[in-house]
K.L.:
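Just dropping this structure here.
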Amino acid sequence: MASSKVSERREVVVTGIGMMTPLGDQPADILRRYHAGESAFREITLYATRGSAIKYAGEHAAPDLKRLPDRKNGKILNRRDATSVLAAMTAFKAARLDEAKYEPHRLGMFVGSSCTHLGDLTPTLPLVAKHADFAGGRFDSAAFGLEFMETLNPILVLKLLMNNAVCFGTISLQIKGVNSNFMQQEVSGLRALGEGYLAIAEGRADAVLAGGTAQPVEPFQIYEAHHCGWLADQTVPGFVPERAARPYDQTANGTIFSESTAFLVLEDGVKARARGATILGRVCGFGIAGEGEPDSARPDGPATGVVRAFKAAMTQAQTTIEKLGAVYGNGSGIAVSDLREGLAMRMVLGDRLGEVPFCSVKGGLGDTAEAHGAVSTALALAGVTQGVVPATRNFATPPSALVGLQLASTTQTLKQPLTAIVSRSRFGVSAVLLVEAATPGR
Amino acid sequence: MSQEVPSDVDLRVRKVIAESLCVELDEVQTDSTLINDLGAESIDFLDIMFRLEKEFNIKIPQREIERNARGDMPPEEFEHEGILQPKGVARLKELIPEINPGAWRDGLALRELPSLFTVAVFCGIVSRKLAGGYAEFDGEAGGGGDPNKGGTTRAS
C-alpha cells in the first residue's frame, strides 16, 4: 500500500467538499442542524413500506437531474450514482478545479460505494412473490425470468453497472488520471479517500476527487440488514426513530440507515497554494487492515484491524497519539460492532483514553454505510474549524467494557486539531484516516 | 385482431420519446429525426420501444420490420454486404411509409436505416400495431412465431 518513504511524500490538502445528506449539503450546516438536535429519520417515501417492519430511515432530497452535464445521464444513472456525480461536481466547483490548469491525466477520482444499487429492481418484488412457493420452498426461476424480461426496461442493465459513479464522474469532469471504485462495505468511502491521499502523496496525481456514496434506503438492503439483525427494531411499542440508534450505549440494539454522499477534493499542497486555492484542511495519514474474520466470529474481542490501521496512519503522519484531538468513530448502534471498535480504541488510546473526545454522528444522521468515512471526514473538518466534537446522540451509559472512552451526549471541546476518522466493516476490515483542519477554532 | 386506433397516438408517442430522450415535448415534432434532431443513440431506440410497448400495451419484437421486409426474399436481393438493394428498399418503403421519400438514397447501409427514423415513423408503427399489427410475413414456412428466430412475428 505505502511504497514511498514518508519523507518523500507530498503534502495533501483538502480544497473542496460536495455533500448530500438528509440534514443538508454543507458540512457546517449539517453540523449546526445536528447540534440543534435535528434528526435525519422520517417515514420512508422511496418505496412502499406496507407490510415491512422497517418504516423509518434517512432520505436526502432528490438529486436535481437537470444539473447533470448530459440531459440523458438522468435516465441511465440511478439515484445513488446521480447523487454521487452531482456531489462530485459540487466539490470540483467548490475547489475551483475547473479553473485550475491541471493536465486531465493528473486528475484522479476514487469512489467508495456498495456494489450494484438494487433500488431500481424494486418493481420485480411482486414478481418474486408471484413465482415463489413459500410453503414449498420453491421458486420458478424460468417463469420469473420470462416475466422479468418483459417487465423491466432493458436500459435498466446500464443503471445496474456497479461503477457508474466513477465512470460518469470522470467523464463529466474530464478526469483522465488514476481512478477506481472501491466496494468494501462500510469501509468503501474512507478507503477511497485514503487511496486518493496516497495517489497524491506518492506523486501519481496532482488532484483527486474522492469520497463515498450510499443509498441503502431500498427494500433489498433494508431487508438484508433487518434479516441480519443490524437494524433497530422499529416494531417495539413506543418506537421513536430519533432515539433508536444509540452508538456505544449499553442499550444499543441496531441502527437506522440513511442515504448520503460526500466527495472531497484532495490536492497537492504546493500546487494548491500556488493557484490560490482555499485550504480547508490537510490529510495526514491513512491505514487499512483486515481482521480475517467478521464481527460475529469474535463478538467480544477488539477489532484488531482498527489498532493496526491506526498505527499505519500515525506512522504515515509522523505523529503520535499525544497529538490526537478527537476520533470520529464508526459506532452505529449495532452492539457487537460498537463493542469491538470500542475495545480496539482502548488499545489505541492507552493512557489518553479519557482525554481524547470520541464520537459518532450516526445516532442523529443515521448509518450512512459506504459513505460514512467520507461524510465523517467532511464533518470532522467542519468540527475542527468550529473547535467542537459533536455529541454522540442517544449515548448515555456505555457497556462496562467501554467505560473510560471519552464519549458524551453533549458537544465536546476540541483541544487539538488532529482528528481521526474510523470506518469499519462488520465483515472484518477497518480503516483510519487522519485529518487536520486548516483553521482550528480554538 | 384489429382494434380502433386512438386519436391521440401521435401526442402520446411524442410524450414517450420526449421522456426517453429527456427533451421538452415541444422539441419532439412528427418530422423530427431521432438521431440527428433529437440526439438519440442506439440504446435509446431500445428504451423507446419498451416504453411504447408499455404505453400502448403492444408488442414490438426486435427487428420486426427488418424481418418482415426480408420475408422470403433471397438475402442478396434485400442487402448486399450491408448495402440495401432496390428490392429491399422498396419493401421497406411499403412497411415504413412515414420515412421521407427524399431520405432514401442509393448506397444506404442497413445499419443507417435508424437515421431515417422520424417521430412519425414511431407513430406509424404504433398505429399499425394497434390496428392489427404488421401482417405476418413468414420467411421460414411454419415458423413458430418466436421473435428471436426471425420469421413469424406476433401482432399485438
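Just so it is clear: chains get the letters A, B, ... in the order the sequence lines come, proteins before strands, and each one is counted from 1.
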K.L.:
Less than 4.5 Å to any heavy atom of chain A: does that hold for the side chain of B:E41, its backbone, both, or neither?
P.N.:
both
K.L.:
Would you give the length of the straight line joining atom CZ of B:F50 to atom OG1 of A:T151, rounded to the nearest 0.5 angstrom?
P.N.:
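That separation rounds to 7.0 Å.
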K.L.:
Does atom CZ of A:R138 have more than 12 heavy-atom neighbours, drawn from other residues, nucleotides or ligands, at distances under 6.0 Å?
P.N.:
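No, CZ of A:R138 has 12 or fewer neighbouring heavy atoms, counting only those of other groups under 6.0 Å.
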K.L.:
So that I can tick it off, tell me whether B:E19 and A:K75 are bridged by a salt bridge, with the cut-off set at under 4.0 angstrom between side-chain N and carboxylate O.
P.N.:
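Here A:K75 does not pair with B:E19 in a salt bridge, since their nearest N and O are not under 4.0 Å apart.
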K.L.:
Would you say that A:I155 contacts B:L46 through its side chain, given a criterion of any heavy-atom pair below 4.5 Å between the two side chains?
P.N.:
no
K.L.:
Do other residues, nucleotides or ligands put more than 12 heavy atoms under 6.0 Å from the CG atom of B:D106?
P.N.:
no
K.L.:
State whether the number of non-hydrogen atoms from other residues, nucleotides or ligands found under 6.0 Å of A:M183 atom CE is greater than 12.
P.N.:
yes
K.L.:
Of the non-hydrogen atoms in B:V23 and A:R71, which two are nearest, and what is the gap between them?
P.N.:
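That closest heavy-atom pairing would be CG1-NE, 3.1 Å.
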K.L.:
Can you check whether B:G39's main-chain N or O pairs, donor with acceptor, with A:K72's side chain at less than 3.5 Å?
P.N.:
yes
K.L.:
Taking atom NZ of A:K55 as the centre, does the number of heavy atoms from other residues, nucleotides or ligands within less than 6.0 Å exceed 12?
P.N.:
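Yes, because the 6.0 Å sphere around NZ of A:K55 holds more than 12 heavy atoms from other groups.
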K.L.:
For B:E94, I'd like to know if atom CD has over 12 heavy atoms of other residues, nucleotides or ligands within 6.0 Å.
P.N.:
yes
K.L.:
A:L158, A:I76, A:L152: which one forms the most heavy-atom pairs within less than 4.5 Å of chain B?
P.N.:
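The residue among A:L158, A:I76, A:L152 with the greatest pair count is A:L152.
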K.L.:
A side-chain contact here means heavy atoms from C-beta on lying under 4.5 Å apart; do B:E53 and A:E150 qualify?
P.N.:
no
K.L.:
Would the number of heavy atoms belonging to other residues, nucleotides or ligands and lying under 6.0 Å from OH of A:Y223 be above 12?
P.N.:
no
